[in-house]
Amino acid sequence: MFRTRLARHAAAFWGFVVYMPVGVNYAAFLFLMIAMAVGGSWRERAARVRQHPLFWPIAAYVGWTLVVLAFRPHYKETGLDLFHGIRIALTMLMALALSREECIWALRAFLLASALGLLLIVLYHLGVLPDAQIWRAVTSMQGNKSINDALLFATLGAGAAVLGLAHLSDAQRWHWAGPAFTVTVLMAIVVSLALPSRTSLLAMLICVFAACFHQFRRHPRGLLVALGAAILIAGLGVWQMPQSIKNKFELGVTELEQAQAGVQSDASWVTRYYMYKLTGEMMLDAPATGLGIGAWTSEWKKRAPKVLDYKNMPHNDYLWMGSQAGIPGFATLFLILAWGVWVCWRRADLTGRIGFVAMLTMLIAASLNSAMRDAQIGLSLLWITFLCLRLAQEEGSPWRGVLPPRFSGILQSGTPASGAPQPPRPL
């Protein structure tokens with residue numbers, strides 16, 4: 001009995017530690033892998049993964065990586081980049097292999113960890129929480145791990161907005177809209193002030209607007225009203241936004257203009273400009289098969305301005321893969337996330353919408369950061385995103401049970417629209 005439940009506990013453990021240092025995330029990754037290995041149900045898990053729409057895109061990504069590894073040159077970083085490439089695929093596959101119950105336990109633990117993280121932020125800014133390494137990245141901006149935490153909070157905020165939109169037109173459950181939108185506002189405050197991240201703010205804003213299209217795609221009037229309300233709220237938010245955040249966005253525009261004029265510095269958007277430009281050139285130098293797994297760092301040091309040659313990731317996962325495995329490598333990695341967005345778009349109910357904003361956040365994050373290649377982001381955000389995608393393949397209201405019974409009503413609104421594709425029966 002314990003062996004059969006071990007994967008459930010391991011999935012919950014990983015969900016609970018997503019905000020913790022990356023070493024703890026790796027421990028959770030290994031714990032779940034071991035739990036799945038000793039817990040049995042291999043055929044059931046394999047069949048579940050094999051029937052998922054993303055199985056073949058992930059298989060193509062892994063297969064092409066191995067082909068390039070076999071036939072293209074090797075570099076000092078080949079082993080490390082191969083490890084991260086396979087780790088990305090394994091994270092996706094383990095999430096898709098979970099049963100519904102295991103997935104529910106993981107998401108319960110994630111929501112509990114998020115609530116505790118929010119409490120830590122409040123206590124820290126009130127000056128009553130001592131500084132400690134285990135929660136430092138969630139209470140203040142501390143590099144890429146804090147960007148991961150901000151993206152997770154942004155995903156929560158977008159998901160809460162989805163719930164609010166769903167309940168506004170529900171006469172029986174309209175009272176849930178207020179608490180849902182309150183969570184959205186809290187998450188916006190977190191990613192604006194406590195963990196200021198332009199990527200997270202941008203992803204959250206895009207996802208809220210995209211959710212309007214997802215919900216009201218067959219109702220033009222409802223779409224216009226929802227978009228109007230979203231534009232009004234976003235406009236008020238921008239108007240009331242602290243000057244420090246406005247300055248950060250203005251600085252990004254200035255940095256981009258400087259980079260286009262030839263300025264070389266390690267400023268955030270100057271760095272991205274040169275990374276995207278030079279990494280794109282790497283991909284086009286060998287468009288069919290790329291320069292080889294592990295090539296990016298070596299080629300970057302040859303091509304980059306001296307002030308930037310210490311970087312080891314290009315802040316864009318698709319270009320990272322494209323530089324090493326050519327246009328097919330770029331396409332296979334991008335296709336995984338884009339197809340995940342499409343799978344959730346096709347499911348027109350609340351479950352599909354939550355998966356849609358989660359996958360869209362991941363798609364954006366991987367475009368503006370190394371959100372899969374960097375394990376500080378790519379172990380936690382990728383895991384939570386694919387848990388949401390996993391539930392999008394279940395029938396009915398698979399999110400029921402994630403929250404305590406007292407609050408479960410907020411997750412029970414919305415049914416597939418007429419003519420919307422139905423998800424396959426769970427295994």
Side-chain angles (χ1 to χ4, degrees), residues 13-29 80 84 87 91 109-110 112-157 186-204 241-242 244-245 247-249 251-252 255 265-272 275 308 310-317 361-362 364-385:
F13 175 65
W14 194 351
F16 186 72
V17 302
V18 290
Y19 295 101
M20 292 186 183
V22 67
V24 184
N25 302 154
Y26 267 121
F29 174 91
L80 181 63
H84 283 293
R87 186 260 306 158
T91 301
F110 165 61
L112 176 60
S114 300
L116 292 175
L118 186 59
L119 178 61
L120 290 175
I121 290 172
V122 172
L123 294 177
Y124 175 80
H125 286 276
L126 289 176
V128 298
L129 185 72
D131 189 27
Q133 180 63 36
I134 194 167
W135 56 58
R136 187 172 297 154
V138 78
T139 56
S140 59
M141 184 55 71
Q142 301 286 334
N144 282 353
K145 186 58 183 176
S146 294
I147 294 174
N148 164 77
D149 297 347
L151 285 164
L152 287 173
F153 282 124
T155 304
L156 273 175
L186 285 174
M187 297 303 103
I189 292 172
V190 168
V191 300
S192 299
L193 300 177
L195 299 172
S197 166
R198 285 172 294 197
T199 300
S200 301
L201 279 170
L202 183 64
M204 190 172 171
M241 186 179 293
S244 60
I245 303 300
N247 291 343
K248 200 167 184 180
F249 279 99
L251 179 61
E255 289 172 352
S265 74
D266 61 354
S268 177
W269 280 99
V270 173
T271 300
R272 280 174 169 79
M275 281 183 167
L308 297 173
Y310 68 94
K311 301 287 186 179
N312 63 355
M313 284 177 278
H315 285 65
N316 183 300
D317 287 317
T361 299
M362 189 72 240
I364 295 168
S367 302
L368 300 175
N369 273 291
S370 297
M372 289 186 279
R373 163 61 178 82
D374 187 342
Q376 294 191 81
I377 308 175
L379 272 170
S380 295
L381 182 64
L382 193 63
W383 169 244
I384 297 302
T385 297

List the atom of [X], the atom of [Y], and the distance in Å for their closest heavy-atom pair.
| X | Y | result |
| --- | --- | --- |
| I121 | A194 | CG2-CB, 3.6 Å |
| A154 | M204 | O-CG, 3.9 Å |
| H84 | Y26 | CE1-OH, 3.4 Å |
| I364 | A203 | CD1-CA, 4.0 Å |
| L379 | W14 | O-CZ2, 3.4 Å |
| V18 | G15 | CG2-O, 3.5 Å |

Quick one: does any side-chain atom of [X] pair with a main-chain N or O of [Y] as donor and acceptor, under 3.5 Å?
| X | Y | answer |
| --- | --- | --- |
| N148 | Y19 | no |
| S380 | D149 | no |
| N369 | A371 | no |
| R87 | M372 | yes |
| K145 | M20 | yes |
| N316 | L368 | no |

(message) My understanding is that only residues two or more places apart in sequence, or in another chain, count here; which of them pass side-chain contact (heavy atoms from CB on, under 4.5 Å) with A150?
(response) V191, L195, S197, S200
(request) Please name all residues satisfying side-chain contact (heavy atoms from CB on, under 4.5 Å) with L129, sequence neighbours left out, ordered by chain then number. (result) L120, L123, Y124, W135, T139
(message) Going by side chain to side chain contact (heavy atoms under 4.5 Å, CB included), M362 matches just one of I384, I377, L381, T155. Which one?
(response)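 Of all the options given, the one that passes is L381.
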Distance (rounded to the nearest 0.5 Å) between [X] [atom1] and [Y] [atom2]:
| X | Y | atom1 | atom2 | answer |
| --- | --- | --- | --- | --- |
| F110 | L156 | CZ | CG | 4.0 Å |
| Q376 | Q142 | CD | CD | 11.0 Å |
| K311 | S370 | NZ | OG | 10.0 Å |
| L201 | L151 | CG | CG | 10.0 Å |

(message) Are T361 and T385 packed together at the side-chain level, in the sense that at least one heavy-atom pair is separated by less than 4.5 angstrom?
(response)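 A side-chain contact under 4.5 Å is absent here.
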(request) Determine whether the side chains of R272 and S268 contain a donor N or O and an acceptor N or O closer than 3.5 Å. (result) yes
(message) For I134, is the CD1 atom crowded, meaning more than 12 foreign heavy atoms sit under 6.0 Å from it?
(response)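 12 or below, so no.
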